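Lettering follows sequence order; numbering is per chain, from 1. Note that this is a predicted model, so its numbers are computed, not measured.
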Amino acid sequence: MGYNFNGIEKKWQQRWKENNTYRITENSEKEKFYVLNMFPYPSGAGLHVGHPLGYIASDIFARYKRLQGYNVLNPMGYDAYGLPAEQYAIQTGQHPQVTTEQNIARYREQLDKIGFSFDWEREIRTCDPEYYHWTQWAFIKMFNHYYDNAAKCCKPISELIEKLSTGGTASIDAACTEELNITADEWNAMDHKAQQETLMNWRIAFLNETMVNWCPKLGTVLANDEVVDGVSERGGYPVVQKKMKQWCLRVSAYAQRLLDGLDKIDWTESLKETQRNWIGRSEGTEMQFRIKDSDVEFTIFTTRADTIFGVTFMVLAPESELVAQLTTEAQKEAVEAYIDRTKKRTERERMIDRKVTGVFTGSYAINPITGEEIPVWVSDYVLSGYGTGAIMAVPAHDSRDYAFAKHFGIEIRPLIEGCDVSEESFDAKEGIMTNSPTAAFADCKLNLNGLTVKEAIAATKAYVTQNNLGRVKVNYRLRDAIFSRQRYWGEPFPIYYKNGVPYPIPEECLPLELPEVEKFLPTESGEPPLGHAKLWAWDTAANCVTDKANINNETIFPLELNTMPGFAGSSAYYLRYMDPRNHTALVSSKADKYWQNVDLYVGGTEHATGHLIYSRFWNMFLFDLGASVKEEPFQKLINQGMIQGRSNFVYRIKDTNTFVSLNLAKEYDVTPIHVDVNIVANDILDIEAFRAWRPEYKNAEFILENEKYICGWAVEKMSKSMYNVVNPDTIVEKYGADTLRLYEMFLGPIEQSKPWDTNGIDGCHRFLRKLWNLFFDKDDNLIVSDEAPTKEELKSLHKLIKKATEDIPAFSYNTAVSAFMICTNELGTLKCNKRAILEQFVIVLAPFAPHICEELWEILGHTTSVCDAEWPAFNADYLKEDTIKYTISFNGKARFTMEFAADADKADIEAQVLANEQTGKYLDGKAVKKMIVVPKKIVNIVF
RNA sequence: GCUCGAAUGGUGGAAUCGGUAGACACGAAGGACUUAAAAUCCUUUGGCAUUUAAACGCCGUGCGGGUUCAAGUCCCGCUUCGAGUACCA
């Protein structure tokens, strides 16, 4: 009979469910530990073997921590709102709710077979009104707050209104869309609607007319991180720029805190670097330039204030409002033609085709320091969204300006000693400044000659500030998040519109449930799918949803038709797991205080600039509100690598139905054909299965090598079309969940991407069988004895305990699995069947292979779960040696070995080495210059 | 272009503070057991050369230098691959 994994795994999965083994409460004397996986989007394809990688890794850690005595929260849920379900609904008319629930059921079934220690009573789904209640709640809070720059936290909008009505904008220092200048009198003179519109300038959730990434094919806008290479991340459809009124979140207000927070968390350096680049802090100077013969002034941003004397032209972004103001009558036609042309180009076209283009506005700006007249141009290489949408161009020291100047024949004026700008610009921020004007601009008091670039930047900044020509400014690349999606399957905004002014519905009326619609497509008039909803108006008298037909009534108003994007629901879910059934708060302060934040977060790097930025922002906001006790949600982050597919090929001889084995294929003219990896084992094709796979292969002939058909292979993305998808269920059926768990960990370092390759799985399975055989003889008789273990057995066990105790916290799971194999082999050789040894072995292995360990634990006579056992303490005494073997080297080359007593001191060892006959032989009369005795068992003699 | 990261047998991968490579597993070859197969167990397995045999020897961690008694590991200069980002002024 032996190791019957199928029976064992079913039995224990059932038992865990019945006994609520993984149910966790916060009412514990124990110290907490919070483990979290990025929750999955339940797609229709189900799980493949790559998905559980991170779940297994975190499950091992959770179980390990539990054995160490911690109260471990290890929850799971579903990120259930999303585009694929909606696309599917459009095509088939099936309600996304229905397909999503089917997919979730399938996921759950698959997950259950792998033996995770999830507390399923805490399961959450983002599409559940109970859950999105709190997504909407947070949105209303963001609507009702602004960000106070001086206090570095958010404050209620009512405080801002108070300030505006008493001191105007002069009295506030707050994150805003644009700098406004309003006096208290002006503010107080505004009507209600105008005031509300003005407040959008500061709200953290605000409506704004912005250029957005519009994807016509998907019929929705996309956030910057959802656009890759100018096409949509999902589907790969073209994206164009379009101006639309959208809800936005003022993520940029938190840019500095998002940057600073990175120093306090334990993430990989590369991921932090990715976020730093995404936030893109740059310190520079803003300077005012006046237009010649005009009152118009405009501001530019530069990080190279030192190059002010090298400015030979200015450039405006085509979208800039200044363009119309500055274009002279003579240039009007040319400028308009140019702007028309750039508008038509998509983001993608702009990226592929980087020809230098531009047009002169006809106006001249005055250099504020030298008084020089500088032509102002328009070009699409300047972006409207960054800085001020206008630049001072210094062709000598900026490659883009250089290309522009060369193309249009504009002067290139070098400012750094010895730099050669005849072929390309000198962009480096190093060198000594020269060419500061002296005689030519008599008024100019600034002389940078002889300074380094760094000093020159500082000197210019100081000069500009002192003379009121501009100010020091920090810019961030990080943009505000566009928060509206023209979709059905997402969280509705808790917003209604009265006379065009948005108002949140009262918090006590949440959740505002997603209404039913007849069709999931946009309406004929181009409204989002919610435009189809009949019951989609807000009755402010009754505080409830009502029929749209009643809108003529004075108290009934239309509700927002957009829904929230995918990242809305995933931004604070970790808090909800702490207290998932709370009806009165996102999380009770008691639960929040107990669980604090996530100690270990496991997920893919692909979320570096999306989810991981948004959730940090969202959580910081909740922290400011006092709704979360920690500023950073995820203390430690591990990025599991992707598991790629390993495709197999057969080689068909052209125009025949004959297939030739890999190593003979080069002798023929062959076509490689993908073959289903599930009918290939160790690259050997199951010929009968192949003939049965497809009708056209029924009569296939084969040219074999060594009577086998060897398939070729390649690493590709795991996908249906490559026939390389491996299901965890298949593996579980064939080898068991414990083998799957061990093998996924054994494949390699957790953070590394690697192809799924079943070739090695037998080794892991064999290991479990060997372990089983330590307990039973051939006839299934239990052979465990109560004898005292020998010194050697204890040594083997404690080597394992030491390794596991070190490797698990370091996430070096692959070497930990090796250690189990080594120990099993050693115990097998020693024919060890001692209870004292096996019992501890089982505890240490339990995080990796929980089913077999529960079974063996029970066989050893325990009535409680192995989950509640105590992690064995490592005892170094067992590893102590009586003697230590040293390698004796001469000039670094190892020659022979010698044994010494473990407590021998350095002088002892030296004396004995010198006295040894072999030493004499190798020294051959030469004098010993130096002898190094390394505690790591090496003696090196230098002669 | 810029910023990170990586490169070790036939394969996946080990190697802590620099300590004398290749753990563990797969695959392969040979053997034991068996009527046979499966399963299990044992031996060999980086390369080269040598020997009756054993031991020993030489070369080996992408390439070229350097530091050190000692380098896969540290430093300098390259090559290749991967990831992120990109008119960010």
Side-chain angles (χ1 to χ4, degrees), chain A residues 2 228-229 268-278 280-282 284-285 300-305 307 315 317 350-351 354 356 379-383 385-394 397-401 403-404 427 475-479 605-606 608-609 639 641-642 646 682-684 706 713 742-743 746-749 751-755 757-764 766-767 769-770 773 778 806-807 810 812 814-822 825 828-829 886-896 929-943:
Chain A
V228 179
D229 293 333
T268 58
E269 228 11 79
S270 74
L271 189 69
K272 287 193 200 177
E273 198 59 27
T274 304
Q275 289 213 342
R276 282 189 194 109
N277 290 340
W278 189 258
R281 182 181 202 273
S282 90
T285 315
I300 59 95
F301 174 78
T302 180
T303 54
R304 292 296 301 274
T307 58
V315 188
R350 255 170 88 158
M351 263 193 283
R354 286 207 185 154
V356 176
S379 173
D380 67 358
Y381 83 88
V382 172
L383 305 177
Y386 184 78
T388 60
I391 62 157
M392 61 178 217
V394 186
H397 302 293
D398 182 284
S399 52
R400 295 152 302 178
D401 298 345
F404 194 88
D427 290 14
N475 256 331
Y476 299 91
R477 205 192 74 121
L478 184 72
R479 308 293 172 78
T605 19
E606 65 271 22
T609 54
N639 292 117
M642 293 250 282
R646 188 179 187 279
N682 290 353
D683 290 337
I684 297 164
N706 302 326
W713 61 273
L742 280 165
Y743 185 56
F746 185 67
L747 262 176
E751 305 211 346
Q752 192 174 304
S753 286
K754 56 231 153 188
D757 175 357
T758 331
N759 290 350
I761 199 165
D762 288 313
C764 289
R766 218 167 274 160
F767 151 66
R769 275 213 304 267
K770 283 182 197 170
N773 291 337
K778 274 193 213 101
E806 286 167 0
D807 282 356
S812 184
N814 55 334
T815 54
V817 175
S818 294
F820 286 114
M821 292 177 176
I822 294 169
N825 287 342
T829 309
Y886 277 75
T887 303
I888 314 299
S889 301
F890 294 84
N891 281 353
K893 289 213 191 296
R895 292 299 171 185
F896 62 94
K929 271 195 205 151
K930 200 152 93 174
M931 193 184 300
I932 295 117
V933 179
V934 183
K936 293 228 170 153
K937 303 167 199 168
I938 286 159
V939 179
N940 196 8
I941 297 165
V942 187
F943 59 86

S.K.: Rounded to whole angstrom units, what separation is found between the CZ atom of A/Arg769 and the P atom of B/rA39?
M.R.: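 For the pair A/Arg769 CZ and B/rA39 P, the rounded distance is 8 Å.
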S.K.: With both distances kept under 3.5 Å, what pairs with B/rU51, Watson-Crick or G-U wobble?
M.R.: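 None - no nucleotide pairs with B/rU51, as no candidate has both distances under 3.5 Å.
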S.K.: Measure from the side-chain heavy atoms of A/Met821 and tell me the nearest of B/rA89, B/rA25, B/rU85.
M.R.: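 The nucleotide sitting nearest to the side chain is B/rA25.
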S.K.: Using whole Å, report how far CG of A/Leu742 lies from C1' of B/rG12.
M.R.: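 These atoms are roughly 16 Å apart.
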S.K.: Given the rule in the side-chain contact (heavy atoms from CB on, under 4.5 Å) test, do A/Tyr381 and A/Ile391 qualify, once you have shown the distances and angles that lead to the verdict?
M.R.: CA-CA 10 Å; A/Tyr381 83 88; A/Ile391 62 157; 3.8 Å; yes
S.K.: Which of these nucleotides, B/rA89, B/rC24, B/rC69, is closest to any side-chain atom of A/Lys930?
M.R.: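 Between B/rA89, B/rC24, B/rC69, the one nearest the side chain of A/Lys930 would be B/rC69.
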S.K.: Using the P atom as the reference point in each nucleotide, state the distance between B/rG72 and B/rC59 in Å, no decimals.
M.R.: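 13 Å, rounded to whole Å.
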S.K.: Counting only heavy atoms not in A/Met931 (residues, nucleotides, ligands), do more than 12 fall under 6.0 Å from its CE?
M.R.: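 Counting other residues, nucleotides and ligands, CE of A/Met931 exceeds 12 neighbours.
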S.K.: Quantified in whole Å, what is the P atom distance between nucleotide B/rG64 and nucleotide B/rU8?
M.R.: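 That atom pair is separated by 16 Å.
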S.K.: Need the pair for B/rG19. Rule: Watson-Crick or G-U wobble, both distances under 3.5 Å, any strand; none if unpaired.
M.R.: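 When the pairing criteria are applied, B/rC69 turns out to be the nucleotide that pairs with B/rG19.
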S.K.: Just label B/rC58 as syn or anti from its O4'-C1'-N9-C4 or O4'-C1'-N1-C2 angle, using within 90° of 0 for syn.
M.R.: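 Anti, which is what one calls it when the glycosidic angle falls more than 90° from 0.
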S.K.: Output yes when at least one side-chain N/O atom of A/Gln752 is less than 4.0 Å from OP1 or OP2 of B/rG13, else no.
M.R.: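 Answer is yes, contact under 4.0 Å.
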S.K.: Can you give me the closest heavy-atom contact between A/Tyr476 and A/Tyr386, atom names plus distance?
M.R.: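 So the two residues come closest at O-CE1, 3.8 Å.
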S.K.: Expressed in angstrom and rounded to an integer, what is the separation of A/Asn814 atom CG from B/rG12 atom C1'?
M.R.: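 Distance check: A/Asn814 CG to B/rG12 C1' gives 10 Å.
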S.K.: Between B/rC41 and B/rU51, how many Å separate the two P atoms, rounded to a whole number?
M.R.: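 Those two atoms are separated by 38 Å.
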S.K.: In the structure shown, which nucleotide is the Watson-Crick or G-U wobble counterpart of B/rA28, with both distances under 3.5 Å?
M.R.: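 For B/rA28, the partner nucleotide comes out as B/rU44, under the 3.5 Å rule.
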S.K.: Go ahead and name the base partner of B/rA38; Watson-Crick or wobble counts if both distances stay under 3.5 Å, otherwise write none.
M.R.: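 Here B/rA38 is not engaged in any pair, so there is no nucleotide opposite it.
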S.K.: Looking only at the side chain of A/Leu383 (C-beta and beyond, no hydrogens), which of the listed nucleotides B/rC24, B/rU85, B/rA89 gets closest?
M.R.: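 Shortest atom-to-atom distance from the side chain points to B/rA89.
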S.K.: Hey, which sits more toward the 5' end of RNA chain B by its nearest nucleotide, A/Tyr476 or A/Ser812?
M.R.: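 By nearest-heavy-atom nucleotide position, the 5'-most residue is A/Ser812.
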S.K.: Looking at B/rA89, I'd like to know if its phosphate oxygens (OP1 or OP2) sit under 4.0 Å from a side-chain N or O belonging to A/Arg477.
M.R.: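 Answer is no, no contact under 4.0 Å.
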S.K.: Does the structure show a Watson-Crick or G-U wobble partner for B/rG77, both distances under 3.5 Å? Name it, or say none.
M.R.: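 Partner of B/rG77: B/rC63.
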S.K.: Any idea which of B/rU20, B/rG27, B/rA89 is nearest the A/Ser889 side chain?
M.R.: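 Closest of the options to the side chain of A/Ser889: B/rU20.
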S.K.: If you find the nucleotide of RNA chain B closest to A/Asp757 and the one closest to A/Gly763, which residue's nucleotide is nearer the 5' end?
M.R.: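 Per heavy-atom nearest nucleotide, the more 5' residue is A/Asp757.
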S.K.: Between A/Asp401 and A/Val394 (side chain of the first, backbone of the second, donor and acceptor by atom type, cut-off under 3.5 Å), is there such a pair?
M.R.: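 Checked: pair present.
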S.K.: A/Asn639 has an atom CG; how far is it from atom P of B/rA83, in whole Å?
M.R.: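 Between P of B/rA83 and CG of A/Asn639: 15 Å.
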S.K.: Check the side chains of A/Asn639 and A/Thr605 for a donor-acceptor pair under 3.5 angstrom, ignoring hydrogens and angles.
M.R.: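 Side chains of A/Thr605 and A/Asn639: no pair found under 3.5 Å.
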S.K.: Measure from the side chain of A/Ile932, starting at C-beta and using heavy atoms only, and say which of B/rG12, B/rU85, B/rC69 lies closest.
M.R.: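 Of the options given, the side chain of A/Ile932 lies nearest B/rC69.
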S.K.: Can you tell me how far P of B/rA6 sits from CD of A/Glu751, to the nearest Å?
M.R.: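 Computing the A/Glu751:CD to B/rA6:P distance gives 11 Å.
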S.K.: Using a 4.0 Å heavy-atom cut-off across all strands, classify A/Arg276 as base, sugar-phosphate, or nothing.
M.R.: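 Answer is nothing: A/Arg276 stays at 4.0 Å or more from every strand.
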S.K.: Find the distance A/Ile391:CD1 to B/rC87:C1' and express it as a whole number of Å.
M.R.: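 In whole Å, B/rC87 C1' lies 10 Å from A/Ile391 CD1.
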S.K.: Between A/Val382 and A/Ala317, what is the shortest heavy-atom contact and its length?
M.R.: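 Heavy atoms only, the tightest pair is O-CB, 3.3 Å.
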S.K.: In the strands shown, is B/rC87 matched to any nucleotide by a Watson-Crick or G-U wobble pair with both distances under 3.5 Å, and which?
M.R.: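 Here B/rC87 is not engaged in any pair, so there is no nucleotide opposite it.
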S.K.: Which nucleotide wins on minimum distance to the side chain of A/Asn825, given the candidates B/rG19, B/rA25, B/rC87?
M.R.: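 Between B/rG19, B/rA25, B/rC87, the one nearest the side chain of A/Asn825 would be B/rA25.
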S.K.: Taking atom C1' in both B/rU68 and B/rU20, what distance in whole Å separates the two?
M.R.: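 The same atom, C1', in both gives a distance of 13 Å.
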S.K.: Using the P atom on both, measure B/rU11 against B/rA23 and round to a whole Å.
M.R.: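 One P to the other, the span is 14 Å.
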S.K.: As a test of reading the structure: which of B/rU3, B/rC4, B/rC26 is closest to the side chain of A/Ser270, going by heavy atoms?
M.R.: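 For A/Ser270, the side-chain atoms sit closest to B/rC4.
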S.K.: Once rounded to the nearest 0.5 Å, what's the spacing between atom CD of A/Gln275 and atom NZ of A/Lys272?
M.R.: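 Taking CD in A/Gln275 and NZ in A/Lys272, the distance rounds to 10.0 Å.
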S.K.: Can a side chain N or O of A/Tyr386 be found less than 4.0 Å away from OP1 or OP2 on B/rA89?
M.R.: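 The answer is yes; a side-chain N or O of A/Tyr386 sits under 4.0 Å from OP1 or OP2.
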S.K.: Roughly how many Å is it from CZ in A/Arg281 to C1' in B/rU3, rounded to a whole number?
M.R.: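 Rounded to whole Å, this separation is 18 Å.
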S.K.: To check you understand the geometry: which heavy-atom pair defines the closest contact between A/Ser818 and A/Phe746, and what is its length?
M.R.: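 Scanning both residues, the minimum pair turns out to be OG-CE1, 3.6 Å.
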S.K.: Base, sugar-phosphate or nothing for A/Pro749? Non-hydrogen atoms, less than 4.0 Å.
M.R.: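 Since only primed, P, OP1 and OP2 atoms lie under 4.0 Å of A/Pro749, the category is sugar-phosphate.
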S.K.: Relative to the ring of A/Phe767, is the ring of A/Phe820 parallel (under 30°), tilted (30 to 60°) or perpendicular (over 60°)?
M.R.: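 Ring orientation of A/Phe820 relative to A/Phe767: tilted.
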S.K.: How far does the P atom of B/rU50 sit from the matching atom of B/rA32, given to the nearest Å?
M.R.: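 Approximately 31 Å lies between the P atom of B/rU50 and that of B/rA32.
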S.K.: By the rule that syn is within 90° of 0, classify the base conformation of B/rG9 as syn or anti.
M.R.: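 Syn.
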S.K.: How close or far is atom P of B/rC24 from atom NZ of A/Lys770, stated in whole angstroms?
M.R.: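 Spelled out: NZ on A/Lys770 to P on B/rC24 is 11 Å.
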S.K.: For atom C1', what is the distance between B/rG62 and B/rU44, given to the nearest Å?
M.R.: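 Their C1' atoms lie roughly 30 Å apart.
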S.K.: Taking the side chain of A/Phe746 as its heavy atoms from C-beta onward, which of B/rA89, B/rC24, B/rU85 lies nearest to it?
M.R.: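 Nearest to the side chain of A/Phe746 among the choices is B/rC24.
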S.K.: Could you tell me how far B/rU73 sits from B/rG60 if I compare only their P atoms? Round to whole Å.
M.R.: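 Taking atom P in both B/rG60 and B/rU73, they lie 13 Å apart.
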S.K.: In the structure shown, which nucleotide is the Watson-Crick or G-U wobble counterpart of B/rG82, with both distances under 3.5 Å?
M.R.: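 Across all strands, the one nucleotide that pairs with B/rG82 is B/rC4.
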S.K.: Nearest of B/rA14, B/rC24, B/rA89 to any side-chain atom of A/Thr815?
M.R.: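 The answer is B/rA14.
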